[in-house]
Structures are given as structure tokens and as C-alpha cells.
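A short write-up of the structure that comes next.
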Protein chains: 2
Amino acid sequence: MDMTPQLTPLIQHIRKFVPLTDEEITPLAALIHPKTIPNKTILSRAGEVCHEKYFVIKGCLRLFIHTDDGNEQIIQFAIDNWWMTDYMSFEMQKPSTFTIQAVEPSQLLVITKMDLEELLAKVPRLERYFRLIVERAYSASLTRIHFIYNQSGEERYGQFSRMFPEFVQRVPQYMLASYLGFTPEFLSKIRAKRKD
Amino acid sequence: MDMTPQLTPLIQHIRKFVPLTDEEITPLAALIHPKTIPNKTILSRAGEVCHEKYFVIKGCLRLFIHTDDGNEQIIQFAIDNWWMTDYMSFEMQKPSTFTIQAVEPSQLLVITKMDLEELLAKVPRLERYFRLIVERAYSASLTRIHFIYNQSGEERYGQFSRMFPEFVQRVPQYMLASYLGFTPEFLSKIRAKRKD
DNA sequence: ACTCGTTCTTGAACTAGATTAAGTTTTTTC
DNA sequence: GAAAAAACTTAATCTAGTTCAAGAACGAGT
């Protein structure tokens, strides 16, 4: 019988990267907490220290920055089975430049900096898990830089909607435009062109 | 007396992030090897598996991708005290999309995938070190995406040369242009404008 | 079902940066 | 130290994407 139904997606995710015994699940369950939040909930605010790390079970988060001209630039989305935090702020416990906010009603798992350190002390194997996770995220972001430099906005949109067709439906278009690095007006034009 | 003079910069670097006893240095010294290479040496080639991870003691590496139109797009530079590898290829042992090449005569420390796994087994604390390193690199690359989206080429160049004034002298301008995401011609114009 | 706020669309005028091509300067090599 | 190769500059033309402005469609709450 499973004592930690909410943790299941995370445990499965961890086991894709490192072995995890049943005893090791105990401290995990003690230190990580489920949290259900409505759309638009702000989890971490620019200017404040980011104290928590979030694992998305279901839903969607965005990490964005306030630009000089008063807009919001979306740097990252997190959907099912992604960890999200401001790594810099979280690790150094310095004020964050980013804001993390829900873009849909979402089911999360949350762990604080303090509890994560305790967890890593108790289950050192997880250092490896988190290393492998970040390595993937880093690789992905380098590839993203390559695409930003070498593809037109239209090509990036095409590729993105081929890779995440359902996702394009889920978030407002102006957020997609922000993430892809162009204006909502331009996205509108791209879509108009494709319709015929 | 120091038995491992070449490892000193790495050991100092590691100790900024995690404690490291003298006994733990022994496996480190046994598995990591110094390597001195001339300018333009190719360390890892697109299409082949990237078997090694490089720590730059002195010099400079670049990681780039061959674009469809036959150019080279520089994704990352590595200078003193940076690790460089194609994380995706190295970790999955799948063919790499990137090429890693020296841009100056360089002094490196090299470790193979196999030896790294052995090292991590012997000194598990290093999992944490490598995690913290990649987290920083990941944060930096997200911030870079923000700058690419929200600053003009000229602003990016200005900021880059303020942050790394010596570095701008060291590498050819067309590489800088490639890294910053515009053409060498445009960089030329920026510089002409600044001269007066 | 109506309303208010949010999101999406369209078009005209504009600009940062690309492209092409030729010429110049600097560096490397024999 | 001459010749070849690599790196940098300049200028004219062109285009992907921005900005601004105004209107249309959608959606959630009462």
C-alpha cells in the first residue's frame, strides 16, 4: 500500500535517474509537501529571496523578469515533471531577479532550501539526481540559444508548436510570444499566414 | 609539499563549493589528467560522442554548432576555471551536435566519462560540486536569454566588453560577433561608432 | 444575457540588423 | 621579407520584426 500517493510522480521521476530505496522515501515524504494553487498565484517575487523549489505534478508555471520598459519577459515555463526555482537566488539565498507564477491552476510539490539541505544530507544520492536534472535543463537552454540565433521567429513558433502542440492551446498567446522572443502582434501575423 | 601542482587551480575551485580532504585528492589526481594543447585543437567533434569533460586552467575553448548555411554558431566560451563539455552527449553517451575547440593555446585538465563515474563513486561529495557548477551555468544561460531578447546587439556588446574587457582583445572579433548573435560586419559598425 | 476586462487581430510607418560585395589591414607561413 | 591567408571595414540595399493605434472577439462574473 502506497503511503505517499501525491509523491508518486516525483518518485517515478527520480527513479528514472537514480535508484531509490523504500527507506529513502521516508525523509522525502517528510520534507517535501504537496501544494495546490489557483491560476496566477505568485510563488516567488522579484526582489525577494527564492526559498523554495517546485516540482510540477500537473499545471504550469512561468519564470519571468520585469523589463525596463514595464513589460514581462518570460524566460522559462515548467510543466508536468519539471522542477522550477530561481537557482541563483535559491542557492545563494540572495534576492531574485525573477518572478515565478502559476499560469494554470496547478498541483505542485514544494521543498524549502533548509529542508532540501536536510534531505540531501539524509539521501546523498539525490545530489546526483538534481545534478542530472540541471544538466538537462542547461543543455536545453544552450540549444534554445542556438535556435534563437539561427531561426526566424516564424520557424521558432513552428518548431515549438510541433514539439508541444497541446501546450500552445493552454497558455495565452502573448505569453508564448514573450517566451519565443517576439511581440504578440507578430505572432498574430504568423498565425494568420498559416491558416491558408 | 604539493604532489599535484597542476591540479591546484581545480582543487581551489572545488573548495569554493565543497570541503575536500587531502585523502580525497588522491583519487582526483589519479583520474584527472593535465593536457596542454595548441590553438585550434579540436577536442570533441559534432557527430561523435563527447567522452571527456574539460577544466580550463589557462586559455580558452569554444563550443559551437555548424549551421545550415555552412557557418559556425558559437554557443559558449570557456575561460579560466570553467568546466566545458557537451553535457547532453557526455551524459547520455550519444553523438554530439556540438564541436569543442581551443581558441588559444590552452592548459586543461581532462577527465573521461568512465573515470568521472569512478571518481564520483570514490568521492561522492563531488556530485554536489558538479551540481552547483551546472546550476550556475544554467542560471547564467537563462540570464543570457533575457539579454538576447531585451537588449540590442550594441547594448550586448557594450555590456560584454565591460564585463570581460581583456577577453574582447583575446578572441577574433568574428567569434565575438557569433557568440553575441550578430554578424561581424555589424560588430565593425558598432566599434566604428564608439571610436569617436 | 450583459458587461467589463482581457486577449487577439490588422494595417501603416519605421528600424535594427542582414546581406552582398569590394577593398584594406593584419597575421601567418615558407 | 614576399606571398598567401585570415581578419576587419565600409557602404548600398534589403527584410524580419517593432511600434503604434484602433477595432474585434472572447470569457468570466454577476
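In the text below, chain A, chain B and the rest are named by the order of the sequence lines, each starting its count at 1.
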| request: For A:F64, check ring-ring contact (aromatic ring centres under 6.0 Å, His included) against everything at least two apart and list the hits. | output: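 Partners of A:F64 by the ring-ring contact (aromatic ring centres under 6.0 Å, His included) criterion, ordered by chain and then number, come out as A:H66.
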Tell me, do [X] and [Y] make a side-chain contact under 4.5 Å, heavy atoms counted?
X: A:F90; Y: A:K53; answer: yes
X: A:I100; Y: A:M84; answer: yes
X: A:Y129; Y: A:L132; answer: no
X: B:T21; Y: B:R125; answer: yes

- Message: Has B:S89 got a side-chain atom pairing as donor or acceptor with B:C50's backbone, closer than 3.5 angstrom?
- Response: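 Checking the backbone N and O of B:C50 against the side chain of B:S89, a donor-acceptor pair under 3.5 Å is found.
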Tell me: [atom1] of [X] to [atom2] of [N], nearest whole Å?
X: A:I148; N: D:dA16; atom1: CD1; atom2: P; answer: 19 Å
X: B:L176; N: D:dA7; atom1: CG; atom2: C1'; answer: 14 Å
X: B:N71; N: D:dA6; atom1: CG; atom2: P; answer: 15 Å
X: B:L187; N: D:dA11; atom1: CG; atom2: P; answer: 17 Å
X: A:K40; N: C:dT7; atom1: NZ; atom2: C1'; answer: 11 Å
X: B:E72; N: D:dA7; atom1: CD; atom2: P; answer: 10 Å

For this session: Locate the shortest heavy-atom distance separating A:Y179 from B:Y149; write the atom from each residue and the value.
Result: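 Looking at all heavy atoms of both residues, the closest pair is O-OH, 2.9 Å.
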| Side-chain hydrophobic cluster, 4.5 Å single linkage: members besides B:M92 |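 Listed partners: B:M88.
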Next on the checklist: Which residues end up grouped with A:M114 if you chain together Ile, Leu, Val, Met, Phe, Trp and Tyr wherever their side-chain heavy atoms are less than 4.5 Å apart?
Outcome noted: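 None, because no other hydrophobic side chain comes under 4.5 Å of this residue.
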Partner set under side-chain contact (heavy atoms from CB on, under 4.5 Å) for B:Q6, not counting sequence neighbours: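 Residues passing side-chain contact (heavy atoms from CB on, under 4.5 Å) with B:Q6: B:P34.
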**With sequence neighbours excluded, residues passing side-chain contact (heavy atoms from CB on, under 4.5 Å) with B:E52** =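 Partners of B:E52 by the side-chain contact (heavy atoms from CB on, under 4.5 Å) criterion, ordered by chain and then number, come out as B:Y54, B:V110, B:T112.
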Protein-proximity profile, nucleotides 24-30 of chain D, B/S/- by nucleotide at the 4.0 Å heavy-atom cutoff, equals -------
The contact string for nucleotides 18-30 of chain C, one letter per nucleotide 5' to 3', using protein heavy atoms under 4.0 Å with B, S and - for base, sugar-phosphate only and none, comes out as BBB----------
Defining pairs by Watson-Crick or G-U wobble geometry with both distances under 3.5 Å, how would you list the stems of DNA chain C with at least three pairs each?
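Paired runs of 3+ in DNA chain C: C:3-30 with D:1-28.
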Which residue pairs pass the side-chain hydrogen bond (donor to acceptor under 3.5 Å, both in side chains) test with at least one member in residues 95-107 of chain A, sequence neighbours excluded?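 Sorted pair list: A:R62-A:Q101, A:D86-A:S96, A:E104-A:R170.
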Can you confirm if the NZ or CZ of A:K189 lies within 45° of the ring axis of A:F182 and under 6.0 Å from the centre of its six-membered ring?
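That pair does not qualify as a cation-pi contact.
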Exceeds 12 heavy-atom contacts within 6.0 angstrom, atom CZ of B:R45
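Incorrect, the count does not exceed 12.
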DNA chain C contacts among residues 162-175 of chain A, heavy-atom distance under 4.0 Å: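 Within residues 162-175 of chain A, the residues near DNA chain C are A:P172, A:Q173, A:Y174.
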Short of 4.0 Å, heavy atom to strand atom, which residues of residues 151-159 of chain A count as contacting DNA chain C?
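Here the set is empty: none.
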Practice task
Would you please name every residue forming a side-chain hydrogen bond (donor to acceptor under 3.5 Å, both in side chains) with A:D68, sequence neighbours left out?
Solution key: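 Partners of A:D68 under the side-chain hydrogen bond (donor to acceptor under 3.5 Å, both in side chains) test: none.
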Exercise. Is it true that A:F147 and B:I65 fall in one hydrophobic cluster, defined by side-chain heavy atoms closer than 4.5 Å?
Worked result: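 No; tracing contacts between hydrophobic side chains, which count when under 4.5 Å, never links both residues.
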